Structure formats: structure tokens, C-alpha cells
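Everything below concerns the one structure shown next.
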Protein chains: 2
Amino acid sequence: MKGMEKILDQTDLRILDELSKNSRITMKELSEKVHLSSPATSARVEKLVTAGIIEGYTIKVNQLKMGYFVHAMISVIMKGSHHEPYLSYIKTQAPFVLQNYKISGDSCYLLECKFPSNEVLDEFLVGLSEFVNYKLSIIISK
Amino acid sequence: MKGMEKILDQTDLRILDELSKNSRITMKELSEKVHLSSPATSARVEKLVTAGIIEGYTIKVNQLKMGYFVHAMISVIMKGSHHEPYLSYIKTQAPFVLQNYKISGDSCYLLECKFPSNEVLDEFLVGLSEFVNYKLSIIISK
DNA sequence: TCCATTCCTTTCATTTATAAAGTCAAAGCG
DNA sequence: CGCTTTGACTTTATAAATGAAAGGAATGGA
């Protein structure tokens with residue numbers, strides 16, 4: 001972990017850990033956890049943000065409680081060499097698409113998706129099959 | 001989206017959207033965006049947390065800048081019916097393991113991992129192959 | 001040695017969050 | 001129908017947190 005040692009010390013790592021557990025922690029509390037003053041801690045956090053190490057503050061959402069009962073991984077194999085129609089279709093399906101990884105291996109892309117039901121998943125797959133071949137895996141649990 | 005309509009109104013969805021973009025937003029600013037007072041907004045957020053819809057506040061970290069240059073998906077097929085040795089091995093490799101999904105389909109698990117180098121990935125795979133067969137895909141980009 | 005830089009501390013003014021009290025509308029009950 | 005309760009809000013007061021500013025210490029370079 002070469003480049004990492006140079007930029008991040010133990011305090012930075014501790015800050016990242018605490019923020020990953022609760023990004024709304026008060027700077028006062030965070031400073032107590034890392035044994036610095038609040039302004040020093042705040043400056044550290046700002047530096048992590050400016051450096052792009054912290055890309056953003058966000059929330060973990062329970063997808064089931066949001067009504068997305070189906071979590072799926074779809075391996076995508078292109079039918080031809082034109083990716084654009086597939087990528088356009090994925091854009092139209094943004095509410096369902098969590099990730100669209102470009103991957104090495106047997107497939108070209110790996111899609112992580114969420115759907116409210118199997119019916120919606122099926123509709124999505126019908127649309128998808130116009131552009132690509134795919135292999136479906138349903139995520140049973142994390 | 002049946003259960004969802006009953007629980008979440010447009011304001012809740014807006015709150016979730018804003019918090020997903022910046023979970024450190026001040027309650028004052030969030031309240032202005034959703035046109036409620038600060039205490040009312042705070043109560044709404046608290047309710048989303050209590051209901052388990054918001055599971056936590058966290059950060060998005062740039063893994064490359066953290067020194068993890070290799071992002072991999074590994075499909076895991078059990079050699080036998082004993083999952084425990086595999087699961088134990090995964091526990092020992094916690095710093096590298098982002099997700100361990102149990103999935104339907106050809107494989108049993110889908111592992112999402114990060115590694116600082118191909119060397120470390122290789123070591124991981126050597127260990128893994130004691131327990132399971134696997135198929136490796138490297139994530140080239142998101 | 002001196003100066004600049006970096007990283008910290010303390011203090012204080014300002015802002016934000018929370019607690020408390022009150023209001024209003026809708027639902028439920030007699 | 002009238003009254004009470006409940007839920008969701010507002011405003012105000014109080015407590016807590018944040019950010020700006022000033023100062024200090026340690027380190028590295030000339």
C-alpha cells in the first residue's frame with residue numbers, strides 16, 4: 001500500500017472509519033475520537049475531501065423498505081460491437097440500475113439492478129434482450 | 001410500489017435524495033429545500049432512520065486514491081456442501097472483501113473485492129481455491 | 001541561524017440543532 | 001354533532017456546534 005502510506009496517516013484512516021460509520025457525526029465528537037481539536041479535525045476532513053479521497057457524504061438506504069424487493073446481477077454479453085444502443089437503454093432505466101461495470105472475462109458488462117417485482121425485472125430483461133445477451137443472477141442475501 | 005406509497009410521500013423522497021447527495025447537509029438547509037421548518041425536517045429524518053429506511057450515514061471513498069487499484073468480481077462455486085470453511089476464509093480477508101452476495105444461478109456466491117495489486121489478488125485467489133472453484137472478472141470501469 | 005511551511009491549539013462570534021410550547025387539521029368516539 | 005386525541009406542523013428559547021482568527025510549536029531548507 002505504497003502511495004497510501006505517504007498521504008494517509010493513522011489519524012486519517014481513523015477519521016475515514018468513523019465517517020464511514022456515521023457521516024453526520026459532529027466535528028466535536030469526531031475530534032474527541034481522534035484526539036485532536038475540532039478545527040484540526042475539520043481541516044483534516046476538508047483535506048480528505050479536497051484530495052478526492054472522500055468523494056461524498058451519502059446514506060445507506062434499505063432497498064426492501066423502499067419497495068425494491070428484487071436485487072439482481074446481470075452479466076451482459078454484446079451481440080455485436082455497437083455498445084451505444086445498450087448504453088442508451090441503460091440510461092432510460094436509471095431508477096433500476098445501481099451499477100454498470102465494464103468487466104474483463106466472459107462478459108462485457110456486469111449490471112447491478114434493483115426492481116420492485118419480478119414483473120418489472122422481466123420487462124427490463126425483454127427490453128435488454130433487444131441489444132445484448134445476458135445471464136441473470138438473483139441476489140438472495142448479502 | 002405498494003408499501004412504499006403508504007409510508008413515503010414526496011417530501012420524504014426529496015429528503016432521501018438530498019441526503020444521498022450530501023448527508024452532512026445542515027438541517028436548516030435541508031428544511032429550506034423541502035419547504036418545512038428545521039424541527040419538522042429533523043423529525044422526518046429521524047422517522048426515516050427509526051423506520052430503518054435510512055440504515056446509516058456514510059461516505060463514498062475513492063478506492064484508487066486509497067491504494068486499491070484492483071476491483072474484482074469473483075463468482076464462487078462450492079466444491080462440496082460445506083460453506084463454513086469458505087465463509088471463515090472470507091472473514092480473514094475482510095479488508096479486501098466489499099460484498100459477499102449469496103446468489104441464484106450457476107454460482108453460489110458473488111464476491112466483490114478490492115486489492116492494492118495483482119500480487120495481493122493472486123495470494124487471495126490461492127487461498128480461495130483451497131475451498132471453492134471460482135471465476136474471476138476484473139472491473140475495468142464503473 | 002533564520003524563515004517558511006505545516007499542523008496544531010485556544011478563543012470567540014456566529015450559526016445550527018434541539019427542546020419546549022403552541023397551533024391546526026383530521027380522525028375517532030360517544 | 002361536539003369533543004377529544006393524534007399527528008404534523010410552526011415559532012421561540014436555549015444549548016451545542018461550527019468556523020474564523022490569532023497564536024504556537026515543530027520541521028525542513030537555505
Side-chain angles (χ1 to χ4, degrees), chain A residues 1-68 95 116, chain B residues 1-68 95 116:
Chain A
M1 316 201 195
K2 186 160 183 182
M4 201 181 93
E5 276 184 54
K6 187 168 181 183
I7 300 170
L8 302 179
D9 64 14
Q10 283 301 310
T11 300
D12 290 321
L13 291 175
R14 184 72 199 278
I15 287 169
L16 287 168
D17 188 48
E18 292 298 332
L19 284 172
S20 73
K21 292 177 192 164
N22 175 17
S23 62
R24 281 191 71 86
I25 190 171
T26 63
M27 210 51 79
K28 180 176 187 295
E29 191 179 340
L30 183 55
S31 71
E32 282 161 5
K33 285 176 187 286
V34 301
H35 311 299
L36 289 178
S37 68
S38 295
T41 308
S42 185
R44 288 267 192 148
V45 172
E46 185 57 39
K47 200 168 149 194
L48 290 170
V49 171
T50 300
I53 292 166
I54 296 179
E55 291 183 316
Y57 301 103
T58 192
I59 50 175
K60 290 180 287 188
V61 176
N62 186 308
Q63 296 295 344
L64 278 178
K65 293 190 175 179
M66 288 287 287
Y68 291 101
Chain B
M1 313 202 194
K2 187 161 182 182
M4 201 181 92
E5 277 186 54
K6 188 168 180 182
I7 301 169
L8 302 178
D9 64 14
Q10 283 303 310
T11 300
D12 290 321
L13 292 174
R14 184 73 198 278
I15 287 170
L16 287 168
D17 187 48
E18 293 297 332
L19 284 172
S20 74
K21 292 178 193 165
N22 175 17
S23 62
R24 281 191 70 85
I25 191 171
T26 64
M27 208 53 78
K28 180 177 188 293
E29 191 180 340
L30 183 56
S31 72
E32 283 161 3
K33 285 175 186 285
V34 301
H35 311 298
L36 288 178
S37 68
S38 294
T41 307
S42 185
R44 287 268 192 147
V45 172
E46 184 57 39
K47 201 167 146 193
L48 291 170
V49 171
T50 300
I53 293 166
I54 297 180
E55 292 183 314
Y57 300 103
T58 192
I59 50 175
K60 290 181 287 188
V61 176
N62 186 309
Q63 297 293 344
L64 278 179
K65 292 188 175 179
M66 288 287 287
Y68 290 102

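Please read all numbers here as calculations on a predicted model, not as lab measurements. Letters A, B, ... mirror the listed sequences (proteins, then strands); counts begin at 1.
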Backbone of [Y] reached by a side-chain donor or acceptor of [X] within 3.5 Å:
X	Y	result
B:Ser20	B:Asp17	yes
B:Lys33	B:Glu18	no
B:Thr50	B:Glu46	yes

Exercise for the section: Return the value, rounded to whole Å, for the distance between atom CZ of B:Arg44 and atom P of D:dG7. Expected result: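 Atom CZ in B:Arg44 sits about 14 Å away from atom P in D:dG7.
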Problem set entry | Pairwise distance CD1(B:Ile54) to CD1(B:Ile15) - rounded to 0.5 angstrom |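 With rounding to 0.5 Å, CD1 (B:Ile54) is 8.0 Å from CD1 (B:Ile15).
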Rounding to 0.5 Å, atoms CG (B:Leu19) and NZ (A:Lys60) come to a distance of 14.0 Å
Nucleotides 23-25 of chain D: which of its N/O atoms have a protein N/O under 3.5 Å away?
none

Within-4.5 Å side-chain heavy-atom neighbours: [X] and [Y]:
X	Y	answer
B:Asp12	B:Ile53	no
A:Asn22	A:Leu30	no
B:Lys65	A:Leu48	no
B:Lys47	B:Arg44	no

Residues passing the salt bridge (Lys or Arg N to Asp or Glu O under 4.0 Å) test with A:Arg24, sequence neighbours excluded, are none
Ordered by number, residues from residues 48-62 of chain A within less than 4.0 Å of DNA chain C (heavy atoms) are none
Shortest non-hydrogen pair, B:Ile59 vs A:Ser23, comes out as CG2-CB, 4.0 Å
Residue set satisfying side-chain hydrogen bond (donor to acceptor under 3.5 Å, both in side chains) with A:Lys28, at least two apart, ordered chain then number -> A:Glu32
DNA chain C: 5'-most and 3'-most nucleotides touching chain B, 4.0 angstrom heavy-atom criterion |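 Endpoints of the contacted stretch of DNA chain C: C:dT16 to C:dA19.
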Contact check, residues 23-40 of chain A vs DNA chain D, heavy-atom distance under 4.0 Å, returns A:Thr26, A:Met27, A:Lys28, A:Pro39
